[in-house]
Every structure is written in structure tokens, then in C-alpha cells.
There are 2 protein chains.
Amino acid sequence: MDYKEGRARIIDAWGQLGTNWGISRTMAQIHALLMLAPEPMTTDDIIAELQISRGNVSMSLRSLIDWGIVRKVYKPGQRKELYESEKDVWELATQVAKERRRRELDPIIRVLEDVQGIEDNTVMKSKVTEMNKMTKQLLKFSKQSDKLLSLFIKSEENWFFGKVLKLLK
Amino acid sequence: MDYKEGRARIIDAWGQLGTNWGISRTMAQIHALLMLAPEPMTTDDIIAELQISRGNVSMSLRSLIDWGIVRKVYKPGQRKELYESEKDVWELATQVAKERRRRELDPIIRVLEDVQGIEDNTVMKSKVTEMNKMTKQLLKFSKQSDKLLSLFIKSEENWFFGKVLKLLK
DNA sequence: TATAAATTTCAATAAATATTGAAAATTAGA
DNA sequence: TCTAATTTTCAATATTTATTGAAATTTATA
């Protein structure tokens, strides 16, 4: 397998992974492209490589910047803006974890807290009891995951995997 | 907030969460409904509660069963099939983790292994070098995550969170 | 500041995904 | 086995999501 083919396979797999995680294929592909590139790229480079429209590239880059995993860089004597991906995989992962926590885990915890201990006489008691039982469990699990995530986000790669994987033994 | 409103909020939030994770809203909502129900439900119950078509319910239930988080149960004297969700949140989480590992992490690891150490003289050397550097990092991280996941999947809730969260101190 | 290059926005459109509903298949009980 | 209840399938349709492309805006520099 040569460079071109290898790169295409990764971009493809990354795009697939993206859609499984609720991220548009194109956005994930642009990310893969930047991640593998030795130098920051311009919008036109990306358009040429992936054969997609300027508007799409502009919007996808904005999203990637909002996720905190791509940044603009400026090169003296170059009018066009350049984009580069975070290259450190640990940084990438913790940044994505941080964002997903904020966007998904925090909101669901808020909902679960709001519905704790509902009382209601208008319906069968067993329904209320069962719902309370489940939401209590879900909230407990969510909060524990939240703690685990904050540990993950703050820690350093070797320390985290080192410590956690030692538990395997 | 009464039972009905609370339940609606959870079903809604679960549906939202689903779409963020590449799962159809309806499928996640059916799961939430079953999770909160004190008794197994029939297809008709679900149709009535969520106001969706029979075909949709049939297909979504099949998917949930494929994920391993919903099962059919049979009740004597009842012709219709009944469905119930896994109720133990830890079981739910580890089952989802197991499936996602199989469906997503395993395939990406295979791709990353396939592209390790590509050599190519037809393009700028720096591109090949950079890609190799990234895919090596990505593979290492993926394998470590795989180990962590297998620890998570095999362990018991209190043990896992107990051990891991002790690292916070 | 004027101009042209570059970027962003967003309505229109395309593509992907989810949903319906009725026909086909399956199943349990008579 | 036959029949009616139940479930599944899948082509048609609807909905959602992604993408385009050209106009509007912004930006760098002459």
C-alpha cells in the first residue's frame, strides 16, 4: 500500500467513525486530512484534496475550531488563512471528551436532577416508583462518569493509562 | 413536575442523546420508554405512547435487541410479544461499550494497523513521515483505549468506579 | 481609503436517513 | 392443518441533515 492509498483509507475510516458519533462525514474527513498533513493547509488545499465546496469547508472548519481541535495559523507573506489540527492524540482525545461532557453529559445530568423523586397520585404508583428507581441509578452513574471524565481530561497520558491499566492485573 | 411531564422530559433527552451518538431518535425514545416502564410492553403499547408506526417500532426493537439492551419476554396466556429493557444501568453501559468497541474501535484499529510504516518514494518524504508519526500515535492510543474498555466491560460497578476514582485523590 | 482577494453566510438543492403502511410472512391456538 | 392474530419486510414517502454556490461581508495591502 502506498502513501496515497493509505491516506485515503484513513480519511475514509475517520469519516465513517464521525458519522457513528453524530459528526458529519466531511467534517471528520477534513480533520483527518489536517491531522495527517505535515504543514498547515489552506481552504483551497482542502477543496482540492476532498473535492468539496468552499462553503462546506468554511463551515466545517468553523465547527472543528468550535470543538477546539483545529486552529487558524498565519504565515508571514501568505494572505490566505492556514489551518492545522491538534497533533497530539492525547490532547485531541481529552479535548473531545471535554466538549462532549459539556454538550451532552452536563445537560442529561440536569434533566436527571430535575426529575428526581417525583411524586404523583394520578397514576399507578408502580410506574412512579420504577421511574424514580431508574432515574436515581442513571443519575448516580452519570455523576460517576462525570468524575471519571474530569480525571481523564486533567491528567497526563502516561499517568492515566499507567495507573488505570495497572488495575487490570 | 408530575410523572407524565417528567417521563416526557427523559424520553426527549434520551432521544436527543441518541442522535448525538449516531442512534435514531425513535430508537432511543423506545429504549427510554422501556427503561422507565415497571412492566414489559407490547408493540401496541409503544405505538400508543410514542405515536409511531408499527413498522418503525418493529425495526427499532430489532436494533435494540441487536445492541443487546432489550429482550423479548413471553407471558403465559398472552399472545403478543413483550419487550423489556435491561434495567441495570451498569449492565446497560457495559453492553453499549462492548458493542461500540466491536463496531467502531476494532475496525479503526485494523485500518491503523494496515497503514503502519508505509514507505513511498513517489511523494515528498515529509508527508509520509508525518502520516506515519500520526498513525503510530493513533494506534497506540486506540490499543490503550481498547484495554481500558475491556477492563470496564469485565468489571463490577463498585469495583471499577471505586478503584478508578480513588486515583483522583 | 479603495480595491481585490479571501472568507462567510444562507437560501436553494441534494443526499442521506428515518418513517410509514400495507402486503407478505410467521406464529399460536383452534 | 387451517385460520386469524401478530410480526416483519420493504418500496414509497417524508423528514432531517449536509452540501452547494453565488451574493454579501470581511480583510489585507496597494
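Only a predicted model underlies this, so the values are computations on that prediction, with no experimental measurement involved. First the proteins, then the strands, lettered A, B, ... as listed; each starts at 1.
For B/M59, taking side-chain heavy atoms from C-beta onward, the closest of the listed nucleotides D/dT7, D/dT9, C/dT17 is D/dT9. When distances run from any side-chain atom of A/R25 to the nucleotides D/dT7, C/dT17, C/dT7, the shortest one goes to C/dT17. Closest approach to the B/S53 side chain among C/dT8, C/dG21, C/dT17 is made by C/dG21 (side chain taken as heavy atoms from C-beta onward). Listed candidates were C/dT19, C/dA6, D/dT7. Nearest to the side chain of B/T43 is D/dT7.
One atom, CG of B/L64, and another, P of D/dT8, lie 13 Å apart when rounded to the nearest Å. B/Q78 places its CD atom 14 Å from the P atom of D/dA5, with the value rounded to the nearest Å. Between the C1' atom of C/dG29 and the NZ atom of B/K80 lies a distance of 16 Å, rounded to the nearest Å. The CG-P distance, from A/N56 to C/dA14, rounds to 16 Å in whole Å. Nucleotide C/dT19 holds its P atom 14 Å from the CD atom of B/Q51, rounded to whole Å. Counting to the nearest Å, the C1' atom of C/dA18 and the CG atom of B/L50 are 15 Å from each other. Rounded to an integer number of Å, the gap from A/I23 CD1 to D/dT17 P is 15 Å. A straight line from CD of A/Q16 to C1' of C/dA16 spans 13 Å, rounded to a whole angstrom.
Looking at A/W21 and B/E104, their side chains do bring a donor and an acceptor atom within 3.5 Å of each other. No hydrogens or angles considered: a donor-acceptor pair under 3.5 Å links the side chains of B/N56 and B/S60.
Dashed line: the shortest gap from a side-chain N or O of B/R62 to OP1 or OP2 of D/dT9 is under 4.0 Å. The side chain of A/T26 places an N or O atom within less than 4.0 Å of a non-bridging phosphate oxygen (OP1 or OP2) of D/dT19. Side-chain nitrogen and oxygen atoms of B/K72 include at least one within less than 4.0 Å of the OP1 or OP2 phosphate oxygen of D/dT8. OP1 or OP2 of D/dT9 has not a single side-chain nitrogen or oxygen of B/S58 nearer than 4.0 Å.
As judged by a 4.0 angstrom heavy-atom cut-off over every strand, B/R54 is placed among the base-contacting residues.
Two residues are said to be in side-chain contact when any heavy atoms from C-beta on lie closer than 4.5 Å; B/M131 and A/I10 meet this criterion.
When each of A/E81 and B/L82 is assigned the nucleotide of DNA chain D with its nearest heavy atom, B/L82 is the one assigned upstream, toward the 5' end.
Interface remark: the B/R79 side chain does form a donor-acceptor pair with the C/dT27 base, using a distance-only criterion of under 3.5 Å.
A cation-pi arrangement is not found for A/R62 relative to A/W67, the charged atom failing to lie both closer than 6.0 Å to the ring centre and inside a 45° cone about the ring normal. For the pair A/R9 and A/W14, the cation does not sit on the ring face, since its NZ or CZ is not both under 6.0 Å from the ring centre and inside 45° of the axis.
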